[in-house]
Amino acid sequence: MTSTVVAGVDGSPASTAAAQWAAEEARRRGAALRLVHAWPWLTDGVSSYAEPDDLPAAAERTLAEAADAVRRSHPELAVHTDTVLDAPVDGLVAAAADAELLVLGSRGRGGFTGLLLGSVSMAVAGRSGTPVVVVREVGGEGAGEGAGEVVVGVDAHAPEEEVLAFAFQEAALRGARVRAVHGWDLPPLFGYAGGAVPAGEIAQLEALEAKLLSLALAGPRERHAAVEVVEDVRLGAARGLVEASAGAGLVVVGRRRRPIELGPRLGRIAHAALHHAEAPVAVVPHG
């Protein structure tokens, strides 16, 4: 069975960039590309199902234009199109259930210009059981060209194998190195110290965090011996990851699966990366 990379398209510049990014990723993986347009109002409101002839011309045109653009840049790629008769978040999550990857633009056609990340992309990244990559439009901050290292956020105290495996696989596919970033914060007791923390104490703490990061990476490094790894320990978890994203080809963060998907679904590190990283961001569910 051929593996599939799914990209959500809606005609926005960001979704156009996402479709092209997804096409290149499908090429790397030897997968087919499925372009999906999710829209709940494709019927006349009477019948539960729609025939192809009932679909609005705008929806068909959006998919056709995206598919034509991808086929021009990747003529060897198998490209399929599909319209999902569902709300965007539910439709995209369901469409990618059996895919290797779901790729979205950072903002859709309905987004406000000043927003860095649209509500659909945020909600899908927080719910999808499939890894989600969010791509910004070409020419904007974080457009990403596929070059550069793969930056992965690592909690050295509780490393997640699924997140690390995804990052190392991506690096191997790209012939890139992994930059494993472990951002750490001072223990709460230093917040009440009433002054600057002695440099010697910070150095000791950082050395301990660096040792934990090396231990967390031992297994993935052994399984991916050909992948170069840079171990990067920084003070400030979210800030450190965002700073490391400059010039990266991809940033990888984790999202914990929840038995009941209620309330906030993205942790602060994933949230910060999606809003501020200067590269496409992959959110990998784990746990």
Side-chain angles (χ1 to χ4, degrees), residues 3 5 21 25 28-29 31 96 99-103 125-135 144 146-185 206-258 265-274 276-287:
S3 59
V5 172
W21 195 98
E25 184 67 16
R28 291 190 190 102
R29 292 169 176 255
E100 289 192 19
L101 197 64
L102 172 59
V103 185
R127 280 183 48 188
S128 175
T130 299
V132 175
V133 176
V134 177
V135 180
E149 58 195 9
V150 174
V151 174
V152 56
V154 183
D155 180 356
H157 297 266
E160 295 297 339
E161 289 297 324
E162 291 166 273
V163 179
L164 289 171
F166 182 93
F168 273 79
Q169 179 193 24
E170 279 293 322
L173 288 170
R174 296 158 178 262
R177 70 183 180 185
V178 166
R179 178 174 295 274
V181 178
H182 171 50
W184 64 285
D185 297 306
E206 188 167 76
L208 175 60
E209 300 293 336
K211 183 176 181 179
L212 290 173
L213 178 59
S214 293
L215 291 172
L217 295 173
R221 294 187 85 150
E222 183 177 353
R223 290 188 289 273
H224 300 271
V227 175
E228 180 185 355
V229 181
V230 175
E231 298 181 14
D232 192 338
V233 177
R234 302 185 183 216
L235 185 60
R239 182 185 64 198
L241 187 63
V242 170
E243 289 174 350
S245 71
L250 182 67
V251 174
V252 181
V253 294
R255 175 188 73 83
R256 185 171 298 282
R257 292 187 180 94
R258 301 174 186 272
R265 302 178 178 105
L266 291 168
R268 66 185 182 95
I269 306 302
H271 191 277
L274 284 168
H276 302 296
E278 299 182 29
V281 177
V283 180
V284 181
H286 64 81

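Since we're looking at a predicted model, the values are computed, not measured.
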So, E25 and R174, do they make that salt bridge, N to O below 4.0 Å?
yes

Salt bridge flag under 4.0 Å for residues E231 and R221:
yes

Is it true that D155 and R256 make a salt bridge, defined as a side-chain N closer than 4.0 Å to a carboxylate O?
no

From F168 CZ over to L173 CG, what is the distance, rounded to the nearest 0.5 angstrom?
13.5 Å

For the residue pair P285 and V283, what are the closest heavy atoms and their distance?
CD-O, 3.7 Å

Does the T130 side chain pair with the main chain of A96, one donor and one acceptor, at a distance under 3.5 Å?
yes

Taking atom CG of L241 and atom CD1 of I269, what is their separation to the nearest 0.5 Å?
7.0 Å

What pair of heavy atoms forms the shortest contact from A277 to S245, and how long is it?
CA-OG, 3.5 Å

List the steps, then state whether side chain to side chain contact (heavy atoms under 4.5 Å, CB included) holds for E162 with R257.
CA-CA 12 Å; E162 291 166 273; R257 292 187 180 94; 3.1 Å; yes

For G126 and R255 the tightest heavy-atom approach is O-NH1, 2.9 Å

So if I apply the side chain to side chain contact (heavy atoms under 4.5 Å, CB included) rule between V132 and each of V284, V103, L102, which one comes out positive?
L102

Where do V253 and A273 come nearest, in terms of heavy atoms and distance?
CG1-CB, 4.0 Å

Is there a salt bridge (Lys or Arg N to Asp or Glu O under 4.0 Å) between E161 and R223? Walk through the geometry before answering.
CA-CA 12 Å; E161 289 297 324; R223 290 188 289 273; 2.8 Å; yes

I need the L164 CG to Q169 CD distance, nearest 0.5 Å.
13.0 Å

How close do V227 and A171 get, heavy atom to heavy atom, and via which atoms?
CG1-CB, 3.9 Å

For A279 and L250, work out which heavy atoms get closest and say how close.
CB-N, 4.4 Å

E209-H157 side chain donor-acceptor pair, cut-off 3.5 Å:
yes

Flag, side chain of H276 to backbone of V242, donor-acceptor distance under 3.5 Å
no

Close side-chain approach of R179 and V181, heavy atoms under 4.5 Å:
yes

Using only heavy-atom distances, determine whether the side chains of S3 and E100 contain a donor-acceptor pair under 3.5 Å.
yes

Salt bridge (Lys or Arg N to Asp or Glu O under 4.0 Å) between D232 and R177, intermediate numbers included:
CA-CA 13 Å; D232 192 338; R177 70 183 180 185; over 6 Å; no

Atom pair CG (D185) and CZ (R234), whose distance is rounded to the nearest 0.5 Å
14.0 Å

V178 and V230, any side-chain heavy atoms less than 4.5 Å apart:
no

Can you tell me how far apart CZ (R28) and CG (L101) are? Round to the nearest 0.5 Å.
10.5 Å

With rounding to the nearest 0.5 Å, note down the distance linking CG in L217 to NE2 in H182.
10.5 Å

Sub-4.5 Å side-chain heavy-atom contact between L215 and L213
no

Salt bridge check: are E170 and R29 linked by an N-O gap of less than 4.0 Å?
yes

